[in-house]
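Here is the structure we will look at, set down as structure tokens.
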Amino acid sequence: MSAYYQDQKLMVEGLAVDNMAKQYGTPLYLYSKAAIEQAFTAFSAPLKDRKHLICFAVKANSNLAVLNLLARLGAGFDIVSGGELARVIAAGGDPAKVVFSGVGKTRSEMAEALKAGIHCFNVESIAEIDRLNAVAAELNMVAPISIRVNPDVDAKTHPYIATGLKENKFGIDILMAPDAFRKAKALPNLKVLGVDCHIGSQLTQTQPFVDAIKRLLELKETLSQDGIELEHMDIGGGLGVTYTNEQPPKPADYLAHILPLIPSNVTLVMEPGRALVANAGLLVTRVEMTKDNGFKRFVIVDAAMNDLMRPTLYQAVMPVLPVVEAQQTGPISDLVGPVCETGDWLAKDVPLSSEEGDLVAIGGAGAYGFVMSSNYNSRPRAAEVMVEGTQAHLIRQRETVAGLWAGEQVLPE
Ligand SMILES: *Cc1c(COP(=O)(O)O)cnc(C)c1O
């Protein structure tokens with residue numbers, strides 16, 4: 001966790017969270033630049049002596065400042081839409097380090113990515129192989145591809161974020177993969193570079209990754225006998241982080257298990273999202289009022305499910321960090337927002353003595369936080385600020401109420 005207490009006050013790098021809440025208002029996303037840098041180095045340092053590409057999964061946090069920072073550190077990017085490609089380019093990312101995942105790429109997204117010169121398409125179905133070959137042929141280009149296989153391993157995570165089981169929509173079943181590779185190899189406007197998988201998110205064990213990689217290696221061997229040589233292996237993202245009590249392997253431990261498995265002439269591609277940014281971020285919110293209905297105490301804050309969806313979407317448990325440390329003890333309370341939904345909660349059953357006017361932060365909010373936010377209940381989305389030492393940089397303005405209907409139009413009289 002990048003936030004810490006100093007003399008009872010919650011800090012991010014060299015700045016006090018209460019001062020930033022006063023300056024920028026709440027709800028407020030705060031990120032630590034140093035925490036993102038450290039997380040990236042935790043992956044890149046153990047890989048320095050081998051061919052590799054760390055592609056940040058843009059969907060975890062797509063703010064231009066975050067993408068630009070990672071690009072400057074040498075990251076590539078894993079994208080899942082044309083919009084994300086445009087963001088990467090706007091942020092100064094190198095298209096040649098982009099891999100394009102996703103089960104439903106449109107023809108125009110394919111064409112844009114081809115013209116931009118991305119590293120490869122992570123192709124997820126036979127239909128996509130045919131479509132991409134046709135789009136590339138029209139442009140007189142050759143599309144570099146990797147085939148995403150579904151290795152059928154249990155990631156042992158929440159069902160909404162497990163993606164590597166037979167019943168999931170992602171990838172091509174590993175048993176059918178050799179045929180898909182043979183087909184792709186025979187098509188004139190595709191060039192097969194590699195294989196990839198992504199088995200799920202917030203994994204807290206190394207074994208499912210190892211199992212998946214072993215299955216990919218068997219496939220590589222089978223393909224090699226057919227004269228199809230893979231230059232790269234992309235093992236996806238998914239490494240978990242500590243929100244409260246989880247104990248995921250550190251990137252160095254995870255890589256220590258994986259690196260010996262991967263032949264050194266193969267470029268190792270990875271797509272970490274959460275592990276690079278989750279714990280660099282806080283969502284800061286102010287208590288509007290408290291309420292006790294006789295059964296339960298509620299702390300009602302000015303952030304809601306539209307600002308942070310993870311609790312209600314995944315039953316995610318995220319750490320509650322009152323901006324004054326002593327407020328971490330007190331009556332067991334639910335932290336809820338003002339949105340008219342029972343599912344509008346940020347934390348349940350936490351000890352908390354914060355009262356009206358106090359500030360509370362939710363930790364681990366740097367990944368799948370702001371990016372999943374919406375305007376539900378006509379709530380403008382929060383501001384985002386990145387802290388660098390004792391400096392704060394506003395990296396996204398708070399939305400305005402008038403901006404909410406900027407593209408709307410009433411019917412003519
Ligand atoms: C979401 C996603 C990732 C990133 O997952 P994390 O758990 O955030 O590391 C990587 N690759 C693909 C294809 C994804 O869909």
Side-chain angles (χ1 to χ4, degrees), residues 36 39-40 42-43 53-62 66-67 70 75-81 83-85 88 97-105 109 113 118-125 128 145-151 153 155-165 168-172 194-206 208-209 212-213 216 232-243 246 248-251 254-255 258 268-281 309-310 313-314 316 318 364-372:
I36 297 175
F40 186 81
F43 278 89
L53 184 57
I54 302 168
C55 293
F56 172 61
V58 173
K59 74 176 194 281
N61 187 324
S62 58
V66 172
L67 301 182
L70 286 163
F77 298 94
D78 170 43
I79 59 165
V80 293
S81 71
E84 286 189 352
L85 175 59
V88 165
K97 292 184 181 174
V98 165
V99 300
F100 192 169
S101 304
V103 295
K105 303 175 191 79
E109 284 176 326
I118 66 166
H119 176 65
C120 79
F121 292 83
N122 290 349
V123 171
E124 305 218 14
S125 63
E128 189 184 343
I145 69 161
S146 154
I147 293 184
R148 177 170 178 180
V149 301
N150 185 331
V153 299
K156 302 197 166 59
T157 183
H158 188 280
Y160 283 15
I161 48 178
T163 50
L165 281 173
N168 300 129
K169 71 177 176 183
F170 298 101
I172 292 179
V195 62
D196 65 284
C197 70
H198 171 71
I199 58 174
S201 200
Q202 184 55 13
L203 272 69
T204 54
Q205 295 169 29
T206 309
F209 290 112
I213 289 167
L216 258 51
H232 93 216
M233 261 177 82
D234 177 345
I235 60 173
L239 185 63
V241 301
T242 302
Y243 288 103
E246 306 89 336
K250 294 199 164 25
Y254 154 83
L255 288 169
I258 282 168
L268 174 60
V269 183
M270 275 181 295
E271 305 168 353
R274 188 189 312 272
L276 292 182
V277 291
N279 278 331
M309 279 261 277
R310 295 190 66 258
L313 184 60
Y314 308 121
M318 303 180 70
Y368 307 106
F370 184 88
V371 283
M372 288 183 140

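When a ligand or atom number is given, it counts from 1 through the structure's own listing order.
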The salt bridge (charged side-chain N to carboxylate O under 4.0 Å, His left out) partners of Lys105 (sequence neighbours excluded) come to Glu128
For ligand 1, run through the N/O pairs with the protein that fall under 3.5 Å and put one pair on each line.
unit_1   : atom_1 : unit_2 : atom_2 : d
ligand 1 : 7 (O)  : Ser201 : OG     : 2.3
ligand 1 : 7 (O)  : Gly238 : N      : 3.4
ligand 1 : 8 (O)  : Arg274 : N      : 2.7
ligand 1 : 8 (O)  : Tyr368 : OH     : 2.6
ligand 1 : 9 (O)  : Gly238 : N      : 2.8
ligand 1 : 9 (O)  : Gly273 : N      : 2.9
ligand 1 : 11 (N) : Asp78  : OD2    : 3.1
ligand 1 : 11 (N) : Glu271 : OE1    : 2.6
ligand 1 : 15 (O) : Lys59  : NZ     : 2.7

Using 30° and 60° as the class boundaries, would you call the ring planes of His119 and His232 parallel, tilted or perpendicular? parallel
Side chains of Asp234 and Ser146: do they bring a donor and an acceptor to under 3.5 Å? no
If you look at every heavy atom in Pro208 and Gln205, which pair is closest and at what distance? CD-O, 3.6 Å
Can you find a pair of side-chain heavy atoms, one from Phe40 and one from Ile54, that are under 4.5 Å apart? yes
Would a distance-only check, ignoring hydrogens and angles, find a side-chain to backbone donor-acceptor pair under 3.5 Å from Arg310 to Tyr368? no
